[in-house]
**Student:** 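Mind looking over this structure? Questions follow.
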Amino acid sequence: MFGWKKKRNGLNDLMEQLRPDLSRESLGVGPGFPGIAPNPLLSGDARKRAAELRTGVLALGVLVGWREVNSNPRVVLMFDVETADGVSFRGIADEDLTITELTRLAPGQTLPVRYRPAVMDHYVSLARDADPAHVQQLSDKIASRRRT
């Protein structure tokens with residue numbers, strides 16, 4: 001009766017208004033994408049998602065492009081992701097990178113990413129901790145499926 005009722009998508013709509021380059025359409029994802037949090041450290045959903053992604057399933061992502069969110073530098077990376085099961089989707093990673101990492105980004109790079117197969121909300125994270133041997137096995141599996 002009293003007080004302010006929080007709209008579920010209010011912050012996401014606000015972010016899309018402030019940064020049209022971070023809208024669902026601009027990032028190439030559908031309406032199921034929850035959106036980019038203005039400040040992921042203050043968002044409980046974003047913190048929970050980041051924790052789940054750290055233990056997510058490994059996949060390969062081809063870097064399509066990126067958008068700088070702030071000068072930390074916080075960037076939103078867009079990937080065309082392919083999983084070991086043959087599922088392909090547009091993946092969005094919200095990452096804090098060093099200046100060195102940022103300068104090494106190039107469209108077309110293939111990087112290991114983690115995703116949550118049970119959720120499939122387009123969110124992924126860079127798999128910086130991935131074992132190179134496991135990444136190579138995944139790459140070989142995906143390549144062999146493409147040849148057949």
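What you see below is based on every heavy atom in this structure, not just the backbone, and it leaves out hydrogens, waters and symmetry mates.
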**Student:** Would you mind reporting whether Phe89 and Thr83 have side-chain heavy atoms less than 4.5 Å apart?
**Tutor:** yes
**Student:** Are any non-hydrogen side-chain atoms of Arg145 and Glu82 less than 4.5 angstrom apart?
**Tutor:** yes
**Student:** Any chain of hydrophobic side-chain contacts (each under 4.5 Å) joining Val69 to Phe33?
**Tutor:** yes
**Student:** Does some side-chain heavy atom of Val75 sit less than 4.5 Å from a side-chain heavy atom of Arg67?
**Tutor:** no
**Student:** Measure from the side-chain N and O atoms of Asp85 to the backbone N and O of Val87, and report whether any donor-acceptor pair falls under 3.5 Å.
**Tutor:** no
**Student:** Can you name the nearest heavy-atom pair linking Phe79 to Ala93, along with the distance?
**Tutor:** CE1-CB, 4.0 Å
**Student:** Quick check for you: to the nearest 0.5 Å, what is the distance between Arg128 atom CZ and Leu97 atom CG?
**Tutor:** 5.5 Å
**Student:** Identify the heavy atoms of Met78 and Leu27 that sit nearest to each other, and give their distance.
**Tutor:** SD-CD2, 3.6 Å
**Student:** Is the closest side-chain heavy-atom distance between Tyr123 and Val113 below 4.5 Å?
**Tutor:** no
**Student:** Only one of Arg47, Arg74, Arg49 clears salt bridge (Lys or Arg N to Asp or Glu O under 4.0 Å) with Asp94; which?
**Tutor:** Arg74
**Student:** Of all the heavy-atom pairs spanning Ala106 and Leu63, show the shortest one and how long it is.
**Tutor:** O-CD2, 3.5 Å
**Student:** Taking all non-hydrogen atoms of both residues, which atom of Ala84 and which atom of Leu138 are closest, and how far apart?
**Tutor:** CB-CD1, 3.5 Å
**Student:** Is Val29 close to Asp121 at the side-chain level, that is, under 4.5 Å between some pair of heavy atoms?
**Tutor:** no
**Student:** Quick one: NZ on Lys48 to CG on Leu53, what's the gap to the nearest 0.5 Å?
**Tutor:** 11.5 Å
**Student:** Measuring from Asp96:CG to Leu102:CG, what's the distance to the nearest 0.5 Å?
**Tutor:** 11.5 Å
**Student:** Looking only at atom types and distance, does a side-chain atom of Tyr115 sit under 3.5 Å from a main-chain N or O of Ser125, one as donor and one as acceptor?
**Tutor:** no
**Student:** What are the two closest heavy atoms between Pro40 and Ala46, and how far apart are they?
**Tutor:** O-CB, 3.7 Å
**Student:** Is the closest side-chain heavy-atom distance between Arg114 and Asp129 below 4.5 Å?
**Tutor:** yes
**Student:** Taking the side chain as C-beta and beyond, is there a heavy-atom pair between Leu77 and Leu105 under 4.5 Å?
**Tutor:** yes
**Student:** Within this structure, what is the CG-CD1 distance for the pair Asn72 and Ile99, rounded to the nearest 0.5 Å?
**Tutor:** 9.5 Å
**Student:** With a 4.5 Å limit on heavy-atom distance, are the side chains of Ser88 and Asp80 in contact?
**Tutor:** no
**Student:** Is there a donor-acceptor pair closer than 3.5 Å between any side-chain N or O of His122 and the backbone N or O of Arg90?
**Tutor:** yes
**Student:** Output the distance between atom CD (Glu68) and atom CG (Leu22), rounded to the nearest 0.5 Å.
**Tutor:** 11.0 Å
**Student:** For residues Leu60 and Pro112, report the shortest heavy-atom separation together with the two atoms involved.
**Tutor:** CD2-CA, 4.3 Å
**Student:** Hydrophobic clusters here meaning ILVMFWY residues chained together by side-chain heavy-atom distances under 4.5 Å, can you tell me if Val57 and Leu126 are in one?
**Tutor:** yes
**Student:** According to a hydrophobic-cluster definition based on side-chain heavy atoms being under 4.5 Å apart (Ile, Leu, Val, Met, Phe, Trp, Tyr only), do Val64 and Ile92 belong together?
**Tutor:** yes
